K.L.:
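This is the structure I have questions about; it appears just below.
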Amino acid sequence: MKWVYIEEIGAYPDQDVEVRGWVYNKRSSGKVRFILVRDGTGILQTTIFGTDESHPLFKKFDALTQETSLIVRGRVREDKRAPGGVELSLQDIEILQVAQDYPITPKEHSTPFLMEHRHLWLRSRKQHAVLQVRAEVIKAIRDFFDGRGFRLMDTPILTPSACEGTTTLFETQYFDQKAYLSQSGQLYNEATAMAFGKVYCFGPTFRAEKSKTRRHLIEFWMVEPEVAFALLEDTIELGEDLILFILERVLTRRKSDLEELERDAAPLEQVKKPFLRLTYEEALPKLQEKGSTIQWGDDFGAPEETIISDIYPSPVCITHFPAKIKAFYMQPDPERPDLALAVDFLASEGYGELIGGSQRIHDLDILEQRIKENNLPREAYQWYLDLRKYGTVPHSGFGLGVERTVAWISKIKHIRETIPFPRLLYRIYP
RNA sequence: UCCUCGGUAGCUCAAUUGGCAGAGCGGUUGGCUGUUAACCAAUAGGUUGCAGGUUCGAGUCCUGCCCGAGGAGCCA
């Protein structure tokens with residue numbers, strides 16, 4: 001008998017097939033018994049009908065518990081009463097293992113309990129849907145860059161020094177010296193961009209920040225494109241195109257998962273180019289008008305991001321931040337050296353910063369001065385300075401956080417549900 | 001790190017002024033000829049996070065500790 005997956009079972013009407021999976025739930029009503037079977041691609045209702053209690057499958061039905069692994073065989077039947085319109089009329093049940101006391105029931109559970117059982121929670125419908133969206137977002141990101149002639153450059157995870165400062169780095173032993181887990185591939189990407197023109201890196205990054213909010217993970221995934229000769233405006237357009245490409249993919253390919261998540265697609269369908277752009281100085285009065293106490297020179301906090309996302313329904317690009325609140329490598333505005341040619345993409349609906357990017361300093365003297373001002377060890381940046389000595393060009397890039405993007409698209413409250421095994425401030429199990 | 005809140009059955013929660021620790025789900029047993037987190041009936045299930053204190057009496061009040069959640073700062 002042919003083994004088929006539930007997502008494609010509609011292609012086998014009135015045929016005998018085999019489904020391998022787990023018991024999601026079971027019900028009975030007198031002489032009709034139902035087993036909901038899930039196989040990783042969907043959930044299927046299977047039926048046993050009999051007028052006689054001695055029916056050979058009834059005894060097996062009675063033994064089934066939630067998450068029991070089994071192989072079922074039967075005939076595919078269309079029936080309007082079945083969820084999904086298709087069900088399997090059973091001829092045989094082969095039990096692989098009867099699961100005892102599965103802890104996650106179809107009723108409510110608290111977050112701490114579910115996080116403790118994350119390895120099992122992944123089997124639940126909603127978690128399944130979010131991670132389907134995540135996989136689609138990652139696939140879209142790769143297709144977007146690969147399709148535009150970008151080369152994938154894997155940057156190292158073990159690094160000898162800080163990218164943006166040492167306080168938020170995980171330290172580890174590297175034989176007889178210290179090493180740090182990467183918090184960005186950007187500096188290395190600037191080198192590969194000078195070799196390949198358009199590059200991107202995509203991998204996990206690690207930040208030892210004691211952040212305890214719904215928007216932060218200790219370990220998260222980031223895609224970082226870097227383009228030689230690109231200016232700030234070019235990188236903003238690239239970011240817009242990337243976000244629109246991801247949205248279009250998820251909206252067409254994962255519609256059923258968004259429905260499972262009860263995500264209203266309308267706000268996502270309305271996102272259009274160009275995104276609204278505001279300079280930092282244009283944003284300040286709007287924020288103050290709405291009650292923010294922000295002053296020139298302050299960075300945006302959570303309240304400011306919330307105000308911005310409440311005013312505008314689509315992502316908003318904030319540009320030209322005060323240089324002193326931004327990273328050392330960001331290019332100063334030639335007309336206003338106190339401002340950095342940087343951009344933050346703030347997601348609508350309060351999901352915060354999806355993208356942070358900038359034009360990078362390409363002038364050797366300015367970069368050396370910035371390294372000095374920030375008390376960074378010059379020796380560690382020798383190779384980085386070389387990029388400005390041997391054929392320097394203006395260049396720009398950004399980083400997009402995968403989990404925040406998935407959280408925004410899925411409208412999931414907490415970012416921890418957008419990655420299979422989240423690393424959080426006080427949780428590293430399971 | 002700081003602020004706020006919480007910890008009672010396997011799970012989600014209740015318990016009046018300090019006065020016999022209780023319900024739903026899940027489990028078990030039985031019933032129901034199409035269920036949709038099915039439903040109905042019965043039943044088992046407790047060191048109230050830990051340590052100490054006040055009291056005739058503490059789940060409840062006090063002190064300390066442990067664990068967790070929400071938020072802030074920082075960021076993607």
Side-chain angles (χ1 to χ4, degrees), chain A residues 24-36 43-53 55 62-63 65-67 77 79-85 87 89 99-117 120 124-126 163-165 167-168 183-186 204-224 239 298-306 325-327 343-347 351-357 398-408 413-416 418-419 424-427 429:
Chain A
Y24 192 77
N25 199 355
K26 69 173 187 179
R27 298 183 271 270
S28 71
S29 178
K31 302 298 181 283
V32 191
R33 311 203 174 181
F34 303 94
I35 312 164
L36 294 185
I43 297 176
L44 176 70
Q45 174 162 287
T46 67
T47 61
I48 311 166
F49 183 84
T51 50
D52 183 355
E53 274 305 310
H55 192 295
D62 290 343
T65 59
Q66 197 183 351
E67 289 306 316
R77 290 182 46 238
D79 192 313
K80 280 181 185 159
R81 292 169 294 188
E87 64 184 17
S89 184
Q100 299 291 338
D101 301 321
Y102 185 70
I104 300 178
T105 68
K107 292 283 179 174
E108 287 165 16
H109 297 287
S110 63
T111 303
F113 178 80
L114 291 168
M115 287 305 299
E116 197 71 14
H117 297 86
L120 304 175
S124 302
R125 286 178 134 123
K126 193 171 159 192
C163 173
E164 300 179 23
T167 54
T168 63
Q183 59 174 6
S184 166
Q186 183 208 311
T205 60
F206 307 87
R207 303 215 176 153
E209 292 160 4
K210 297 217 165 177
S211 299
K212 191 167 157 34
T213 82
R214 69 181 66 172
R215 292 201 286 267
H216 288 86
L217 291 171
I218 302 302
E219 178 181 320
F220 67 98
W221 286 66
M222 186 159 66
V223 60
E224 296 175 277
D298 295 342
D299 205 351
F300 283 19
E304 284 72 32
E305 292 188 355
T306 302
I325 57 170
K326 286 291 175 182
V343 58
D344 281 0
F345 283 58
L346 302 183
Y351 283 90
E353 192 181 335
L354 296 181
I355 284 180
F398 63 79
L400 173 131
V402 168
E403 288 77 14
R404 284 192 185 172
T405 304
V406 174
W408 171 54
K413 273 209 185 78
H414 201 298
I415 197 171
R416 65 188 158 215
T418 64
I419 187 169
L424 298 160
L425 183 51
Y426 296 119
R427 179 176 296 282
Y429 177 92

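Worth saying up front: this structure is predicted, and the values here are computed from it rather than measured.
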K.L.:
Touch check for Ala82(A), heavy atoms < 4.0 angstrom, all strands: base, sugar-phosphate only, or nothing?
P.N.:
base

K.L.:
Determine whether a donor-acceptor pair (one donor, one acceptor, N or O, separation below 3.5 Å) exists between the side chain of Arg27(A) and the base of C32(B).
P.N.:
no

K.L.:
Whole-Å distance between G34(B) C1' and Ile35(A) CD1?
P.N.:
15 Å

K.L.:
In whole angstrom, what separates Phe300(A)'s CZ from C74(B)'s P?
P.N.:
12 Å

K.L.:
Under the criterion side-chain contact (heavy atoms from CB on, under 4.5 Å), which of Thr418(A), Ile355(A), Val223(A), Leu400(A) is the partner of Thr405(A)?
P.N.:
Leu400(A)

K.L.:
On RNA chain B, compare the nucleotides closest to Ile415(A) and Arg77(A); which residue's is nearer the 5' end?
P.N.:
Arg77(A)

K.L.:
Taking atom types as modelled, find out whether Glu224(A) and Ser184(A) have a side-chain donor-acceptor pair closer than 3.5 angstrom.
P.N.:
yes

K.L.:
Could you state the NE2-C1' distance from His109(A) to G24(B), rounded to the nearest angstrom?
P.N.:
13 Å

K.L.:
Quick check: any donor-acceptor pair below 3.5 Å linking the side-chain of His216(A) to the base of C75(B)?
P.N.:
yes

K.L.:
As a test of reading the structure: which of U1(B), U35(B), A76(B) is closest to the side chain of Pro83(A), going by heavy atoms?
P.N.:
U35(B)

K.L.:
Could you state the atom-to-atom distance from CD1 of Ile48(A) to P of U35(B) in whole Å?
P.N.:
17 Å

K.L.:
What's the closest nucleotide to the Leu425(A) side chain, out of U35(B), G73(B), U1(B)?
P.N.:
U1(B)

K.L.:
CZ of Phe113(A) versus P of G26(B): gap in Å, rounded?
P.N.:
14 Å

K.L.:
Using atom P of each nucleotide, how far apart are C61(B) and A14(B) to the nearest Å?
P.N.:
14 Å

K.L.:
For Arg27(A), what residues pass the side-chain contact (heavy atoms from CB on, under 4.5 Å) criterion, not counting sequence neighbours?
P.N.:
Asn25(A), Phe34(A), Leu36(A), Gln45(A)

K.L.:
For U63(B) and A76(B), measure between their P atoms and round to the nearest Å.
P.N.:
42 Å

K.L.:
For U29(B) versus G34(B), give the span between their C1' atoms, rounded off to a whole number of Å.
P.N.:
24 Å

K.L.:
Nearest to the side chain of Glu87(A), heavy atoms from C-beta on, is which of C75(B), G34(B), U12(B)?
P.N.:
G34(B)

K.L.:
Is a donor-acceptor pair below 3.5 Å formed from side chain Thr105(A) to base C11(B), judging by atom type as modelled?
P.N.:
no

K.L.:
Is any side-chain N or O of Ser110(A) closer than 4.0 Å to OP1 or OP2 of U12(B)?
P.N.:
yes

K.L.:
For Glu219(A), answer base if it contacts any base atom (sugar-phosphate contacts may also be present), sugar-phosphate if it contacts only those atoms, and nothing otherwise; contact means non-hydrogen atoms under 4.0 Å.
P.N.:
nothing

K.L.:
According to side-chain hydrogen bond (donor to acceptor under 3.5 Å, both in side chains), who are the partners of Thr105(A), at least two apart in sequence or on a separate chain?
P.N.:
His109(A)

K.L.:
Can you tell me, in whole Å, how much space there is between the C1' of G46(B) and that of C20(B)?
P.N.:
15 Å

K.L.:
Over all strands shown, is Leu217(A) touching base, sugar-phosphate only, or nothing at heavy-atom distances under 4.0 angstrom?
P.N.:
base

K.L.:
State plainly whether the residues Asp62(A) and Arg33(A) are in salt-bridge range, i.e. N to O under 4.0 Å.
P.N.:
yes

K.L.:
When you compare U47(B) with U8(B), how far apart are their P atoms, in angstrom units rounded to a whole number?
P.N.:
12 Å

K.L.:
Looking only at side-chain atoms of Asn25(A), point me to the closest of G73(B), A37(B), G34(B).
P.N.:
A37(B)

K.L.:
Roughly, in whole Å, what's the span from CG in Asp101(A) to P in G27(B)?
P.N.:
9 Å

K.L.:
What residues, two or more places apart in sequence or in another chain, satisfy salt bridge (charged side-chain N to carboxylate O under 4.0 Å, His left out) together with Asp79(A)?
P.N.:
Arg77(A), Arg81(A)

K.L.:
Taking only the C1' atom of each, what is the distance from C56(B) to G68(B) in whole angstrom?
P.N.:
36 Å

K.L.:
To check you understand the geometry: which heavy-atom pair defines the closest contact between Gly352(A) and Glu305(A), and what is its length?
P.N.:
CA-OE1, 3.3 Å

K.L.:
Which nucleotide, C11(B), C32(B), U1(B), lies nearest any side-chain atom of Ser28(A)?
P.N.:
C32(B)

K.L.:
Could you grab the distance from atom CZ of Phe398(A) to atom CG of Leu354(A), nearest 0.5 Å is fine?
P.N.:
10.5 Å

K.L.:
Taking CG from Asp62(A) and P from U28(B), how many angstroms apart are they, rounded to a whole number?
P.N.:
10 Å

K.L.:
Tyr24(A): what forms a ring-ring contact (aromatic ring centres under 6.0 Å, His included) with it, not counting sequence neighbours?
P.N.:
none

K.L.:
The criterion is side-chain contact (heavy atoms from CB on, under 4.5 Å); which residues satisfy it with Ile218(A), sequence neighbours excluded?
P.N.:
Phe170(A), Arg423(A)

K.L.:
For Ala99(A), give me all partners under side-chain contact (heavy atoms from CB on, under 4.5 Å), at least two apart in sequence or on another chain.
P.N.:
Thr65(A), Glu67(A), Thr68(A)

K.L.:
Base, sugar-phosphate, or nothing for Glu305(A), non-hydrogen atoms under 4.0 angstrom?
P.N.:
base

K.L.:
For the pair made of CD in Gln45(A) and P in A37(B), what is the distance, rounded to whole Å?
P.N.:
11 Å

K.L.:
Mind checking what makes side-chain contact (heavy atoms from CB on, under 4.5 Å) contact with Lys212(A), not counting sequence neighbours?
P.N.:
Leu425(A), Tyr426(A)

K.L.:
Would you say Phe34(A) stacks on G34(B), if stacking means ring centres under 5.5 Å apart and planes within less than 30 degrees?
P.N.:
no

K.L.:
Which is true for Gly352(A) with a 4.0 Å heavy-atom rule: it touches a base, it touches only sugar-phosphate, or it touches nothing?
P.N.:
nothing

K.L.:
Determine the interatomic distance between C1' on U60(B) and the same-named atom on G22(B); round to the nearest Å.
P.N.:
16 Å

K.L.:
Using only modelled atom types and a 3.5 angstrom limit, is any donor from either the side chain of Gln66(A) or the base of G27(B) paired with an acceptor on the other?
P.N.:
no

K.L.:
May I ask you to say what Asp299(A) touches in the nucleic acid, namely base, sugar-phosphate or nothing, with a heavy-atom cut-off under 4.0 Å?
P.N.:
sugar-phosphate

K.L.:
Given the C1' atoms of G45(B) and C11(B), what is the spacing between them in whole Å?
P.N.:
13 Å

K.L.:
If a stem is a run of at least 3 consecutive Watson-Crick or G-U pairs, both distances under 3.5 Å, which stems include RNA chain B?
P.N.:
B:1-7 with B:66-72, B:10-13 with B:22-25, B:27-31 with B:39-43, B:49-53 with B:61-65

K.L.:
Identify, between Lys26(A) and Gly399(A), the residue whose nearest nucleotide on RNA chain B lies closer to the 5' end.
P.N.:
Lys26(A)

K.L.:
Report each atom pair, protein N/O against N/O of nucleotides 65-69 of chain B, whose distance is under 3.5 angstrom.
P.N.:
residue: G68(B); atom: OP1; partner: Tyr426(A); partner atom: O; Å: 3.2

K.L.:
For a quick test of reading the model, state the closest non-hydrogen atom pair linking Thr47(A) to Glu87(A) and the distance between them.
P.N.:
CG2-OE1, 3.5 Å

